[in-house]
Amino acid sequence: MIQLEYITKNYPMGKRELKVLRGISLNIGKGEMVAVMGPSGSGKTTLLNIIGCLDKPTSGSYYLDGKEVSRLSHSELATVRGQKIGFVFQTFNLLPRLSAKANVELGLRYAGGGDSQRVAEALAKVGLSDRSHHRPTELSGGEQQRVAIARALVKNPPLILADEPTGNLDSRSGEEIISILTSLHAEQGITLMMITHDPNIAHSCQRIIRIKDGEIVAEEKV
Amino acid sequence: MKKWWEVLATAWVGVATHKLRSFLTILGIVIGVAAVITLMSIGKGVEARIVSNIESLGSNLIIIRPGAVTAAGGVRGAFGGVQTLTLEDATAISLTASDVTTVAPFSSSSMQVVAGNQNMRAAITGITPDYIQAYNLQIASGSFFSNYDYDAGTKVAVLGASVTETLFTGSDPVGQQVRMGNNVVRVIGVLESKGATMGSADDTILMPLSTLQQMVSQPRTSRGEHIVSSITLAVTDQAQTSSVIDQITSLLRARHQITTGGDNDFTVTSMEELASTLSEAIGTMTLLLGAIAAISLLVGGIGVMNIMLVSVVERTREIGILKALGARERDIWGQFLVEAIFLTLTGGIIGVALGWAASSLVSRLDIIPTLVSADIVVLAVSVSIAIGLFFGFYPAWNGSRLDPIEALRSQ
């Protein structure tokens with residue numbers, strides 16, 4: 001599913017370059033559930049952004065579903081994001097002026113469209129059928145994150161990327177979110193990659209990748 | 001199709017979220033469009049009325065007036081400064097010119113007119129039978145002159161509507177007498193009001209030309225011909241107007257003994273020409289007024305651009321989210337552009353409605369006739385769309401170029 005070959009990423013910082021990723025090679029198979037751990041500033045989010053086609057690597061090759069995507073244009077990358085990748089963010093990132101249903105519908109807009117049936121199914125999968133007309137401000141943090149998950153999965157992407165999906169939630173809501181993500185992975189065979197600081201959550205995945213200073217320092221199977 | 005609907009719906013949500021702000025933003029467009037519509041409709045209305053007034057006089061008319069004469073010293077005199085047209089010119093025209101139905105020479109004069117205890121200074125027009133036909137005059141009460149009156153020069157008069165109103169408030173003037181200088185004149189008829197604003201027969205007293213020539217000592221030319229103020233012709237076919245003008249011009253030049261290369265001592269104007277000259281002049285005025293009103297559209301457009309720039313900054317995070325969901329640059333660009341056009345188009349439509357209401361109010365209050373024509377409305381609406389396109393372009397482009405990661409990180 002994901003094949004990274006010696007990916008580097010530098011950011012200009014004044015006259016010098018900040019080396020955020022220093023050559024990462026990684027393979028993630030279809031249907032795998034992987035946790036990424038590491039201290040802050042280690043480059044996890046940058047790695048996730050590159051895998052999510054939000055950013056381009058400075059060097060190296062990235063094959064997504066067998067296709068080289070690291071040299072695509074902005075607009076081609078956007079199309080890849082729209083069709084293949086669902087994002088779940090730490091801060092939910094819902095549009096506050098839209099209802100839960102309308103937020104989920106946004107997930108379909110750039111994926112080639114779909115009907116309201118799929119929106120309803122996605123909301124049912126995260127257990128929010130009865131709250132579809134509420135706005136984000138009228139929902140709890142856990143509920144908001146479930147709307148965000150519904151938005152990510154409504155287009156049936158082969159890959160879902162989650163950046164600390166439980167980071168802003170209390171432990172009970174966090175557990176709910178993880179159990180939803182785990183069951184999605186189990187039932188639909190979605191490839192799931194998740195950044196987390198929580199060892200318990202990491203251990204609910206199949207593989208843990210540890211990053212430090214822009215390099216993979218350890219990989220372990222759970 | 002569905003996608004378009006979604007883009008429109010999202011634009012609506014964007015606009016509706018800040019109702020007051022959106023309203024204030026489009027106010028400039030509303031006022032601009034309303035002003036353009038109102039001013040243009042007033043201009044068009046005035047133009048239409050003047051043209052129809054001229055046409056009510058008869059668009060197949062050709063009017064010959066005495067023109068400027070260049071004196072020996074090379075000084076060109078004023079129009080009408082020298083009386084050059086004569087009754088004999090008119091006779092010659094009616095004998096030789098083709099495609100001419102009526103030739104109506106007339107003589108204008110002004111006299112103090114007394115009726116009972118009312119008195120006014122009135123314009124007196126001495127006419128021949130053709131005049132009534134050329135100007136399509138109708139009698140309201142009484143009768144016109146008989147052929148005997150024209151031949152014998154009897155002292156009879158037909159009064160214009162407003163002259164009647166002044167001299168005989170309310171009572172029937174037919175059969176009554178008025179005094180003009182030392183003469184006692186019998187009123188035999190009253191004209192139907194034409195309501196025309198220019199050279200209206202309403203303000204004059206008509207008399208047989210022969211009678212007027214007796215009452216006022218009419219000057220003669222050096223060749224002993226009877227001077228008239230003007231000659232009006234009616235052509236059989238409006239298409240023949242210019243050939244008739246050519247014929248008359250050469251005839252009069254010959255009669256007035258103007259050498260080749262010399263200037264005409266008369267002017268020939270067709271009503272058609274007069275109408276088009278006037279409507280052109282008013283059209284230019286209208287355009288000028290519209291252009292001034294359009295400045296407020298420009299200011300309104302700048303307001304829209306300002307708000308769209310603010311809106312893009314405010315919704316940076318939203319742009320990041322949409323980009324993460326797969327929106328391409330042109331999707332974002334289109335979204336903001338549609339929103340800008342949505343604003344200006346709404347402003348344009350409200351402005352059209354407001355302008356329409358204002359101009360029909362002006363009409364209804366009988367101030368000035370107005371005419372809202374479809375092309376002004378189409379123009380106003382397309383201009384407001386164009387303003388949205390033009391002033392929304394840069395802000396939308398700005399938004400579309402945002403880096404998704406930066407945008408997602410912003411608060």
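Because the structure is predicted, anything quoted here is derived from the model rather than measured.
- Within a 6.0 Å sphere centred on OH of A:Tyr11, other residues, nucleotides and ligands contribute more than 12 heavy atoms.
- Using a 4.5 Å cut-off between heavy atoms, A:Leu108 does not touch chain B at all.
- Contacts between A:Asp55 and chain B at a heavy-atom distance below 4.5 Å involve backbone atoms as well as side-chain atoms.
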With side-chain contact (heavy atoms from CB on, under 4.5 Å) as the criterion, how do A:Tyr110 and B:Leu322 come out once you've worked through the C-alpha distance, each side chain's angles and the decisive distance to 0.1 Å?
CA-CA 9 Å; A:Tyr110 305 106; B:Leu322 293 179; 4.1 Å; yes
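- For chain A, no part of B:Arg330 is nearby; none of its heavy atoms comes within less than 4.5 Å.
- No other option in A:Ala111, A:Gly82, A:Ala78 has as many heavy-atom pairs under 4.5 Å with chain B as A:Ala78.
- Taken from CG in A:Leu54 to CG in B:Leu408, the straight-line distance is 6.5 Å, to the nearest 0.5 Å.
- Contacts of A:Lys155 with chain B are made by side-chain atoms alone, with heavy-atom separations under 4.5 Å and no backbone atom involved.
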Stepwise, does the side-chain contact (heavy atoms from CB on, under 4.5 Å) test hold for A:Arg97 with B:His18?
CA-CA 11 Å; A:Arg97 54 202 169 78; B:His18 302 284; over 6 Å; no
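- Around atom CD of B:Glu280, no more than 12 heavy atoms belonging to other residues, nucleotides or ligands sit under 6.0 Å away.
- For B:Leu325, the parts sitting under 4.5 Å from any heavy atom of chain A are the backbone and the side chain alike.
- The main-chain N or O of A:Thr79 is never found under 3.5 Å from a side-chain atom of B:Arg328 such that the two would form a donor-acceptor pair.
- Between atom NZ of residue B:Lys323 and atom SG of residue A:Cys53 there is a gap of 14.0 Å, rounded to the nearest 0.5 Å.
- Residue contact with chain A, scored on non-hydrogen atoms closer than 4.5 Å, involves the backbone and the side chain of B:Glu318 alike.
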Let's go through A:Thr91 and B:Arg317 carefully: what are the C-alpha distance in whole Å and the side-chain angles of both, what is the deciding distance for side-chain hydrogen bond (donor to acceptor under 3.5 Å, both in side chains) to 0.1 Å, and is it a yes or a no?
CA-CA 11 Å; A:Thr91 50; B:Arg317 195 182 175 87; 2.9 Å; yes
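- More than 12 heavy-atom neighbours from other residues, nucleotides or ligands sit within 6.0 angstrom of NE2 on A:His134.
- Atom CZ of B:Arg21 sits in a crowded spot, with more than 12 heavy atoms from other residues, nucleotides or ligands closer than 6.0 Å.
- Of the inter-residue distances, the one linking A:Leu95 atom CG with B:Thr17 atom OG1 reads 10.0 Å to the nearest 0.5 angstrom.
- No side-chain heavy atom of B:Arg409 sits under 4.5 Å from any side-chain heavy atom of A:Thr45.
- Within 6.0 Å of NZ on A:Lys212 lie no more than 12 heavy atoms contributed by other residues, nucleotides or ligands.
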